[in-house]
There are 2 protein chains.
Amino acid sequence: MKKPPPISEATKAAILDAAWRLIAQDGLDNASQARIAEAAGVSRQTIFYAFGSRAGLLTAMLQHMDAQSPEVGRLQALAVSPRTDAALAAEYLDAWLDYLPRIYPVAILLNAAALTDGDARAAIDDRLVGALLSGFTRFFTRLADTGRLRAGVDPAQAALEIWAAVHPSAWRLLVVERGWTAEQFRQSRQTAMQAMLA
Amino acid sequence: MKKPPPISEATKAAILDAAWRLIAQDGLDNASQARIAEAAGVSRQTIFYAFGSRAGLLTAMLQHMDAQSPEVGRLQALAVSPRTDAALAAEYLDAWLDYLPRIYPVAILLNAAALTDGDARAAIDDRLVGALLSGFTRFFTRLADTGRLRAGVDPAQAALEIWAAVHPSAWRLLVVERGWTAEQFRQSRQTAMQAMLA
DNA sequence: CCTCATCATTTAACGGGTGTAAAGTGAAGA
DNA sequence: TCTTCACTTTACACCCGTTAAATGATGAGG
């Protein structure tokens, strides 16, 4: 196979912007590669050269959004904070929930694609979603080490429980499909997390 | 459009059995309509005539599994039981968790398809998954009426929380992808539900 | 100025998947 | 023989993905 042609950073950015615009305007149903290509003023093949696959495009869209979102900086600052108080985990959860609505459309598409597409499966362990679980694991381990976790609560299990509870899938079920407000979701998840603390 | 040709119940059953076999043998990645048709010994178009769409096929697969599973009878018996004790909800949850691994492959495909496919979206409110939420709602309402719900816990909200926590999406995150055992999942969800009781 | 090389695409072709539509087919029964 | 029934075959469209040839613009060198 010949080496794929190079695609300029400007063209990549134009594609990513167009993709986000299209999803924002038209929703998830109509964001085909061809439509994204048209909106970006490039050929369909250019998208494949730029991002390798649809999963690659969706992943790059998440990263593109990362680069433009102050929430990500906040998440990262909290993740490396040396604090050990319980409020830290609550702040981390809040920061995530501020960001989630923004990336939700693309994150949930990628999550769905991961069921049958190995590339998407790999991308789903992308540093953002994977980083989220690590963040919670770190907090819960630290809370356990400082005696702030409820007796009988395993920190690794607790981290997984909260992670699953704030995953885009859960947001989809309760907010997108059942009509909860973001605030309801936040309170419900914060309450669940509080119940794990001593 | 001409009226679609009739497809016999025997052919429909053969398709459904073949589809389940194929998914059991080969997993989610290789259950294309063409492969299912081949395995059932029918043409690809016959599947469309029988079930309308892929979402229709997936939905019919769930219903087909319903008809063959003792767990469904158990769920239905519990759903109409006049008991008001807390153990009833726990039994209902257990019955669901006994059934979930069996339908998981198809339920999760249908759930993913629902993101972008209106037919799948409609089918997702299929009586089995929709019935699950109604079941929990009923139990929690009854528990509240008899003073068995923890103070400050809204029965409708609690039902949604548990429903989301036992949805195939959650099973996917924790059991399929993170390697929890079914027992771990069960205990985690039962503990969460217990925490809502007085 | 002309030619050539490089760069960043586009165009074209094809394949596998889902879906729509209509004509075709063979078996069975009246 | 004709009709009905339960499919199959054929053709096409749109989607994502792979592959390779073609294209136009630009810059460097003679």
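Just so it is clear: chains get the letters A, B, ... in the order the sequence lines come, proteins before strands, and each one is counted from 1.
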- Message: Between dG17(D) and R44(A), counting only base atoms on the nucleotide and side-chain atoms on the residue, is there a donor-acceptor pair under 3.5 Å?
- Response: yes
- Item | Length of the line joining R54(A):CZ and dC15(D):P, which is rounded to integer Å | 11 Å
- What integer distance in Å separates I47(B):CD1 from dA6(D):P? 18 Å
- Please report, rounded to the nearest Å, how far the P atom of dT18(D) is from the CZ atom of F51(A). 15 Å
- Query: Under 4.0 Å between a side-chain N or O of S53(B) and OP1 or OP2 of dT18(C)?
  - Reply: no
- Query: Considering residues, nucleotides and ligands other than E38(A), do more than 12 of their heavy atoms fall under 6.0 Å from its CD?
  - Reply: no
- Of all the choices, dC16(D), dT9(D), dT11(C), which nucleotide is nearest to the side chain of Q45(B) once you look at every atom? dT9(D)
- Heavy atoms under 4.0 Å, any strand shown: does G56(B) hit a base, just sugar-phosphate, or nothing? nothing
- Counting side-chain heavy atoms from CB outward, which of dG17(D), dT11(C), dT20(C) is closest to Y49(A)? dT11(C)
- Task: May I ask you to check if R189(B) and W96(B) form a cation-pi contact, with NZ or CZ under 6.0 angstrom from the six-membered ring centre and within 45° of the axis?
- Result: no
- Under 4.0 Å between a Lys/Arg side-chain N and an Asp/Glu carboxylate O for R74(B) and E71(B)? no
- Query: Starting at CZ of F48(B) and ending at C1' of dC7(D), how long is that distance when rounded to a whole Å?
  - Reply: 16 Å
- Give the rounded distance in Å between these two atoms: CG of L110(A) and P of dC16(D). 15 Å
- Message: I'd like to know whether CD of Q68(B) has more than 12 heavy-atom contacts from other residues, nucleotides or ligands below 6.0 angstrom.
- Response: yes
- May I have the distance from K12(A) (atom NZ) to dA8(C) (atom P), rounded to whole angstrom? 10 Å
- Rounded to the nearest Å, what distance is computed from the CG atom of residue L109(B) to the C1' atom of nucleotide dG17(C)? 14 Å
- Task: Hey, which sits more toward the 5' end of DNA chain C by its nearest nucleotide, T46(A) or S32(B)?
- Result: T46(A)
- Query: Side chains of Q190(A) and Q194(A): is there a donor and an acceptor less than 3.5 Å apart?
  - Reply: no
- Of R35(A) and S43(B), the one whose nearest nucleotide on DNA chain D sits closer to the 5' end is S43(B)
- Note on the structure: Rounded to whole Å, CD1 of I36(B) lies from P of dG19(C) at a distance of 11 Å
